[in-house]
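Data first, discussion second: the structure below is written as structure tokens.
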Amino acid sequence: MISFRTRLFKSNPRLYSALAAKAYARNIQYRGSHLLHNFASAVFGYLYACIWIGLGRDHSLGEYGILGMMQYITFTQASLWISSFTTPGLGIPQSVRTGQIALDLMRPVHLFAHLAAKEWGQIGYQFLYKSIPVYVIMLLALGLTPAHHGTTLPIALVALAGSAYLSICIGYLIGVSALWTTESSWLHWGNQALMNLLAGFFIPLQWLPEWLQAIAWASPYPFMLYAPTQLYLRKEHPIVLLGTLAWCAALTLTCLLATRMLRHKVEVQGG
Amino acid sequence: MNTYIKLYLLLVRTSIRSRMQYRFNFAFGTILAAFIQLSEFLMIAIVLAKFGAVRGWSVHEVGYLFAVMTLSKMLYRTFADEVHHLERYLVEGELDQLLTKPLPVLLSLMPRGFRLMPGELLQGGGILAWALGAMLAGGQVTWWAVPQTLFAVLTGAVVLFAIGLATATCGFWTTRISMLQNMTEDAAQTAARYPLTLYPGWMSGLLLTALPVGLVNYVPALYILRGELGAWVFPLLAAAACLAVLLALRFWKFGISKYQSTGS
């Protein structure tokens, strides 16, 4: 089953790019409203930066210092739109409730690839119209320049592309769980909480207690925010991308297996 | 008035019964809500464990700030969750149905989403017991701190409701309010989990006046935990909560008179 579906992945590159383009185009209709939304996101980032600035007045902030922590928060806050704020459950829970899931499974395209392609369009849009504006607003508000004059941005963006894919896979698995639970929004919020805690969104992972660091590194979360941020701040060797790659492979396999189970479980609700 | 209260309680019972149709979701949601709250407190606790006191506030004092905010928010969202979700009613035109009912709109809106939040209650109550317990044992506070804290939680819930209602009312003009809620509710409540002295003067001033989340936990904590200010804090909190909710209700009344349906 998996090998057959894998062939379907290869045979539809134009379809996938069309799905991504449509998702991007759908979002761009609301870009004015979304640009305003960025202000709220930047307020949150500014708030977190203020907390570190306040703490830095009384304490040494270790290898980062106040400036480093401001850079850290600026990058993580902007990256959230790529690695965290994806469509809850990739829209599967709604499909389950409306019965649309049965039609989606009948399409001559693998469900995971279909939804992932659409989400890539969404993430591409969010990168251009949310991450970049939030990054620029925060740089201006905090009086910063890009870390290392922006020379580390390309490698950090490669890491963020990997984190976007990891986010899609996790979102898909959360969505698939709706087949058993009907309601998976709590799992989505649980995932957001883990992102905040284990991905190093607010606190660099080396400052977590050792037991929590061990839990974090046994999960994909550090590769979704912490690793890209460390690459951006030039505090990590690019070899860390191997970890991202390994998690991408492991989660892809899990998603394919989950789809197989989903096909046996699916039932149409409502009339 | 008596009829309204009876009707309100009936609607609340109906709302609870409808939620209990999905017992697994309720139990699962409760456990995860407690986990999410715990993870949020863990982030603060880790910062405190790493750096010690925050601007002179100990881990127990910051835990107290977090717990009072959690419990006040729990009370507000238990009774008025649908006020927070007014955008859905405005976008989908559902508010039109409520306007046709022979009841004040708020009275028919609020019980619809009556939400039991045991996860937040357990977690907020647990952290409050831990923080107050340690301060009682250390002699920093007396048992008087318990009723005083309960009073602060109640007035705090009213203040949060007033902020939520005023924010939701803006939706009568803008329809979409989630961005505004991100700033006036989510960001402001997150900020008030730390001592306000951590922030620049303009921000702490804002959090004590225009968006008075500082009245929920920070101002009562100054007196209850640190003996600053004076006992006049409690009448001040009560007056501020009454004033905030009265202003919010007047704004709501004015806003609803300007409502235009968005449906077709």
Side-chain angles (χ1 to χ4, degrees), chain A residues 30 32-62 69 141 177-178 180-209 211-213 215, chain B residues 19 21-22 24-57 119 174-200 202-204 206-207:
Chain A
Y30 305 103
S33 157
H34 289 163
L35 283 172
L36 276 175
H37 229 120
N38 293 335
F39 184 68
S41 182
V43 166
F44 255 107
Y46 184 76
L47 171 72
Y48 289 126
C50 280
I51 292 172
W52 285 113
I53 293 167
L55 283 166
R57 274 189 255 143
D58 296 341
H59 309 277
S60 157
L61 298 183
M69 279 313 296
S177 73
W180 284 266
T181 62
T182 314
E183 172 63 76
S184 66
S185 64
W186 282 108
L187 277 177
H188 171 73
W189 292 114
N191 179 49
Q192 296 288 319
L194 287 174
M195 276 293 291
N196 288 343
L197 191 63
L198 303 181
F201 158 66
F202 177 62
I203 308 167
L205 288 191
Q206 65 265 43
W207 291 351
L208 297 186
W211 62 270
L212 204 52
Q213 280 189 50
I215 293 173
Chain B
R19 277 178 193 263
Q21 296 301 309
Y22 301 93
F24 174 77
N25 281 341
F26 178 76
F28 194 53
T30 299
I31 293 165
L32 274 171
F35 167 73
I36 290 166
Q37 289 288 321
L38 192 65
S39 75
E40 287 183 3
F41 180 67
L42 258 181
M43 284 210 294
I44 297 175
I46 289 164
V47 169
L48 287 159
K50 172 79 184 163
F51 298 104
V54 177
R55 307 296 291 166
W57 289 64
T174 61
T175 307
R176 297 278 181 188
I177 47 172
S178 59
M179 183 197 81
L180 204 56
Q181 285 172 327
N182 275 342
M183 290 190 280
T184 62
E185 296 197 62
D186 304 335
Q189 288 165 18
T190 303
R193 288 172 181 173
Y194 290 89
L196 297 192
T197 45
L198 201 58
Y199 305 113
W202 66 267
M203 195 191 277
S204 47
L206 188 79
L207 297 173

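So that the names make sense, note that chain A is the first sequence line, chain B the second, and so on, each numbered from 1.
- No more than 12 heavy-atom neighbours from other residues, nucleotides or ligands sit within 6.0 angstrom of CH2 on Trp189(A).
- Contacts between Leu212(A) and chain B at a heavy-atom distance below 4.5 Å involve the side chain alone, from C-beta outward.
- The residue among Ile51(A), Asn196(A), Leu55(A) with the most heavy atom pairs within less than 4.5 Å of chain B is Ile51(A).
- Taking chain A as the reference chain and counting heavy-atom pairs below 4.5 Å, the highest number among Leu180(B), Val54(B), Asp186(B) is found for Asp186(B).
- Pairing each heavy atom of Asn182(B) with each of Ala40(A), the nearest pair is CB-CB, 3.8 Å.
- With a 4.5 Å cut-off on side-chain heavy atoms, Phe202(A) and Ile44(B) do not count as touching.
- Residues Leu47(A) and Ala191(B) share a closest heavy-atom pair of CD1-CB, 3.3 Å.
- The shortest non-hydrogen separation linking Val43(A) to Met183(B) is CG2-SD, 3.8 Å.
- Remark: Glu40(B) pairs with Arg193(B) by the salt bridge (charged side-chain N to carboxylate O under 4.0 Å, His left out) rule, at least two apart or across chains.
- Minimum heavy-atom separation, Ser60(A) to Phe51(B): O-CE2, 3.5 Å.
- Heavy atoms of Leu208(A) lying under 4.5 Å from chain B belong to its backbone as well as its side chain.
- With rounding to the nearest 0.5 Å, the separation of OG in Ser39(B) from CE in Met195(A) is 12.5 Å.
- Every residue meeting the salt bridge (charged side-chain N to carboxylate O under 4.0 Å, His left out) condition with Asp58(A), not counting sequence neighbours, appears here in chain and number order: Arg55(B).
- For Tyr48(A), the part sitting under 4.5 Å from any heavy atom of chain B is the side chain, from C-beta outward, and nothing else.
- Taking 4.5 Å as the limit, every side-chain heavy atom of Leu198(B) sits out of range of all side-chain heavy atoms of Cys50(A).
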